Amino acid sequence: MPRIAYVNGRYLPHRQASVHIEDRGFQFADGVYEVIAITAGKLVDIEPHLDRLNRSLGELNIPWPVSRQAFGLILREVIRRNRVTNGSIYLQITRGVAPRDFSYPGELLPSLVIYARSTKKATIQSASQGHAVISQPDIRWTRCDIKTVSLLPAVLAKRAASEAGVADAWFVNEEGIITEGTSSNAWIVTPNNELITRQIDNLILSGITRLTILKLAETAGLTFTERPFSLEDAKQATEAFTSSSTALVKPVIEIDGVQIGDGQAGPITRQLIEHYLKYMDDPS
Ligand code: PDD
């Protein structure tokens with residue numbers, strides 16, 4: 001079955017789906033995006049994702065290309081046309097097409113691209129597989145709260161991770177504090193069983209998965225703290241994991257070559273994986 005992408009009002013075969021050479025997303029990374037998980041054909045946490053999209057657009061003064069309601073319909077149509085049961089949807093809105101100029105004209109029609117892809121449904125077993133990360137200097141700008149397509153620092157850090165033979169990288173700022181993963185939020189459990197993730201501010205993205213995990217942790221009676229933690233704290237942690245719409249809850253079992261806990265997903269991480277997978281199947 002051919003994959004179908006949505007580009008500016010049209011549903012096109014994936015191979016023919018393209019944007020203009022003077023699209024400002026292409027030339028200036030002048031745009032925003034979202035990645036939303038799909039389980040059993042349904043979008044996971046669609047409303048919080050659209051709220052975050054609304055915020056990102058507002059911060060960059062880009063108007064919605066279509067109404068929020070129409071947006072939801074298009075997302076579902078892309079899922080339907082591609083018959084995605086499990087996977088994710090990628091959507092990108094850029095400021096639009098204009099002759100190259102750093103400043104932008106007032107009235108531009110934003111570009112909208114949406115496509116979906118299928119992945120295997122996560123099981124407790126597959127989700128519990130841990131991975132190693134390295135630390136990388138956080139060289140990003142001070143508006144990481146906006147989900148822009150300007151992702152070069154993450155691209156370089158991810159590449160450094162591949163070259164080091166590990167799966168991912170965690171960003172560390174000049175104070176030695178871990179901000180977040182290249183495309184995920186970072187969590188640790190301290191030796192005195194404190195579950196920690198960094199508080200939301202302009203230096204990290206407010207992950208939708210992060211928010212859901214905080215709610216699930218609360219319901220499960222797990223105590224947590226939203227505060228900064230250092231690379232040293234992370235190396236001494238008994239558990240560590242990342243969260244994102246694609247990685248879900250992913251155990252981190254090694255940081256810069258230092259084994260975390262016993263080198264496997266720890267008990268709190270396992271509990272959160274279970275709760276999160278259940279939540280994906282039945283968000284109520
Ligand atoms: N990335 N932090 C960053 C820098 C991210 O890029 C992401 C998501 C997250 C987690 O956000 P959420 O839980 O809403 O997915 C945190 C997506 C998955 C990506 O770029 O592919």
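Values reported hereafter were calculated over all heavy atoms of this structure, with side chains retained and with hydrogens, waters and symmetry mates removed. What you see is a predicted model; the values in this text were computed from it and never measured. Remember, it's 1-based here, ligands and their atoms both numbered in the order they're listed.
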So is I208 polar-close to ligand 1, meaning N/O to N/O under 3.5 Å? yes
Please write down residue, atom name and distance for the protein heavy atom closest to atom 15 (O) of ligand 1. S245 OG, 2.7 Å
When distances are taken from atom 18 (C) of ligand 1, the protein heavy atom at minimum range is T246 OG1, 3.6 Å
Proximity of S184 to ligand 1 by residue part, where a heavy atom lies under 4.0 Å: backbone
Does any N or O atom in S244 lie less than 3.5 angstrom from one in ligand 1, N or O only? no
For a side chain to side chain donor-acceptor pair (under 3.5 Å) check, start with the C-alpha distance between T212 and D45, then their side-chain angles and the critical distance, and finish with the verdict. CA-CA 8 Å; T212 297; D45 282 336; 2.7 Å; yes
Residue, atom and distance of the protein heavy atom nearest atom 11 (O) of ligand 1 read G207 CA, 3.4 Å
Is K121 close to D281 at the side-chain level, that is, under 4.5 Å between some pair of heavy atoms? yes
Among all protein heavy atoms in this structure, tell me which lies nearest to atom 21 (O) of ligand 1, with the distance rounded to 0.1 Å. V35 CG2, 3.6 Å
Under the salt bridge (Lys or Arg N to Asp or Glu O under 4.0 Å) criterion, do R52 and E47 qualify, and how do the steps go? CA-CA 9 Å; R52 184 172 68 188; E47 292 307 325; over 6 Å; no
Derivation and outcome, salt bridge (Lys or Arg N to Asp or Glu O under 4.0 Å), residues E163 and K158: CA-CA 9 Å; E163 281 168 6; K158 217 53 169 198; over 6 Å; no
How close does the nearest protein non-hydrogen atom get to atom 19 (C) of ligand 1, and which residue and atom is it? Y33 OH, 3.6 Å
Side chain, backbone, both or neither: which part of I204 has a heavy atom under 4.0 Å from ligand 1? neither
If you look at every heavy atom in A17 and L12, which pair is closest and at what distance? CA-CD1, 4.2 Å
Short N/O distance, under 3.5 Å, between E180 and ligand 1? yes
May I ask you to identify the nearest protein heavy atom to atom 13 (O) of ligand 1, giving residue, atom name and distance to one decimal place in Å? T209 OG1, 2.6 Å
Distance alone, cut at 3.5 Å: any donor-acceptor contact between the side chains of S243 and W187? yes
Can a cation-pi geometry be assigned to R81 and Y11, taking NZ or CZ under 6.0 Å from the six-membered ring centre and within 45° of the ring axis? yes
Would K147 count as being in polar contact with ligand 1, using the rule that some N or O on each side must be under 3.5 angstrom apart? yes
Common cluster, I93/F26, ILVMFWY with side-chain heavy-atom separation under 4.5 Å: no
